S.K.: 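There's a structure below that I have some questions on.
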Amino acid sequence: MRVYLAKNYNDMSRKAANIISAQIIMKPNAVLGLATGSSPVGTYKQLIEWYKKGDLDFSEVTSVNLDEYIGLGPEDKNSYSYFMRSNFFDHINIDSKKTYIPNGLENDEKKECDRYNLIISRCGGIDLQLLGIGNNGHIGFNEPGTTFESETHRVTLSEKTLAANSRFFESIDKMPKYAYSMGIKNIMQARRILLIASGKDKSDALYKALFGAITPNVPASILQLHNNLTVIADEKALSQILSTHTISPGGHIL
Ligand code: GLP
């Protein structure tokens, strides 16, 4: 595990974009596992900027997103499908036929989960999985208590997640209560994982994820067992860790 200390959100975003950019340059037909939420928005902005400058090409890239709300179609402004198009895909030259997101309008849970697992395996697995972290330690929408063996599944969103994500909706009652999410097993099978975190709100979850017991109660704690994990977090998100440790420029926690 390497943990890089970023000064702030913009610095975190640039550092994360650097790693994604390196992945695409080293493997132009890379499979990227992508995330939504506030954390990756700056990373996507930076990648768009480099694409526009001519430094990056997404034409051979495939993407698989982590999750989608059940009940929201791609034209719904709160769907993750809409989020990905407006924050990223519409601004780069990725082939839309190679961008995958769970279908929130599919009511047949088993059919959708099987379909999504098959997509991940057919594209040869994920080269680089980008992750944010929920303030309860969730990754994707894998809420506390999710078994580490899970593949794509239907999730009942926790109270804490509903409260945190309600900021995007008119009111908490208008929020979907369920989602489809890649499972922990899908995430752990990615060849490389890049976890990003910014802000004080994430400091407790990040501390528990990287230093706490490895337990389904903190889904992100399983990442300690991944053999190629890079964490990029800003000073606020790392504040709890920095109260007892220092971080070397090379990303080692001392
Ligand atoms: C959301 C998403 C996660 C995301 C997390 C943190 O619910 N399902 O993939 O990492 O919560 O979101 P944010 O980056 O907005 O804090």
Side-chain angles (χ1 to χ4, degrees), residues 6 8-10 12-13 15-17 20 32-46 63-72 76-84 86-88 100-102 104 116 126 128-146 150 152-169 172 174-184 186-188 190 193-210 218-223 229-234 236-238:
N8 50 37
Y9 180 83
N10 284 343
M12 173 198 80
S13 303
K15 286 178 159 65
I20 297 171
L32 302 179
L34 296 179
T36 51
S38 310
S39 306
V41 171
T43 305
Y44 295 147
K45 269 203 185 118
Q46 180 65 81
S63 72
V64 281
N65 257 78
L66 283 167
D67 44 15
E68 179 60 285
Y69 289 112
I70 293 181
L72 303 190
D76 190 304
K77 288 202 161 61
N78 282 310
S79 70
Y80 283 164
S81 175
Y82 191 96
F83 174 101
M84 288 309 298
S86 56
N87 285 290
F88 197 29
Y100 299 101
I101 299 187
Y116 210 64
I126 297 165
L128 172 62
Q129 176 66 56
L130 176 64
L131 292 177
I133 182 169
N135 59 13
N136 61 359
H138 76 219
I139 44 177
F141 265 138
N142 292 284
E143 296 285 28
T146 311
S150 62
T152 308
H153 59 297
R154 180 182 190 267
V155 175
T156 303
L157 300 176
S158 73
E159 291 299 325
K160 216 168 170 189
T161 298
L162 288 173
N165 287 11
S166 63
R167 68 187 192 279
F168 297 110
F169 293 81
I172 199 161
K174 298 247 161 83
M175 265 197 82
K177 307 286 181 287
Y178 306 96
Y180 287 123
S181 179
M182 244 187 231
I184 307 264
N186 302 113
I187 293 172
M188 287 297 282
I193 294 183
L194 174 58
L195 174 69
I196 56 175
S198 167
K200 187 95 189 85
D201 197 34
K202 302 292 170 72
S203 65
D204 180 51
L206 196 58
Y207 184 88
K208 287 184 179 143
L210 304 185
V218 182
S221 63
I222 189 73
L223 299 176
L229 169 69
T230 302
V231 181
I232 301 178
D234 66 11
K236 287 184 178 156
L238 283 167

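Please read all numbers here as calculations on a predicted model, not as lab measurements. Atoms within a ligand are numbered from 1 in the order they appear, just like the ligands themselves. Along the sequence shown, the residues carry numbers beginning at 1.
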S.K.: Angle between ring planes, Tyr69 versus Phe169, binned at 30° and 60°: parallel, tilted or perpendicular?
M.R.: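 Ring orientation of Tyr69 relative to Phe169: perpendicular.
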S.K.: Does the Asp234 side chain pair with the main chain of Met12, one donor and one acceptor, at a distance under 3.5 Å?
M.R.: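 Side chain of Asp234 to backbone of Met12: no pair is present.
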S.K.: How close do Ile196 and Ala16 get, counting heavy atoms only, and between which atoms?
M.R.: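 Minimum heavy-atom contact is CG2-CB, 3.7 Å.
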S.K.: State, with a plain yes or no, whether a side-chain heavy atom of Leu238 is found less than 4.5 Å away from one of Leu206.
M.R.: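 Yes, at least one pair of side-chain atoms sits under 4.5 Å.
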S.K.: Protein residues near ligand 1, heavy-atom distance below 4.0 Å?
M.R.: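 For ligand 1, the contacting residues are Thr36, Gly37, Ser38, Ser39, Asp67, Tyr80, Gly132, Ile133, His138, Gly140, Phe141, Asn165, Arg167, Lys202.
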S.K.: When you compare the side chain of Ser181 with that of His138, does any pair of heavy atoms fall below 4.5 Å?
M.R.: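 No, their side chains stay 4.5 Å or more apart.
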S.K.: Side chain of Tyr9, backbone of Ser39: donor and acceptor closer than 3.5 Å?
M.R.: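 Pair found, side chain donor or acceptor close to backbone of Ser39.
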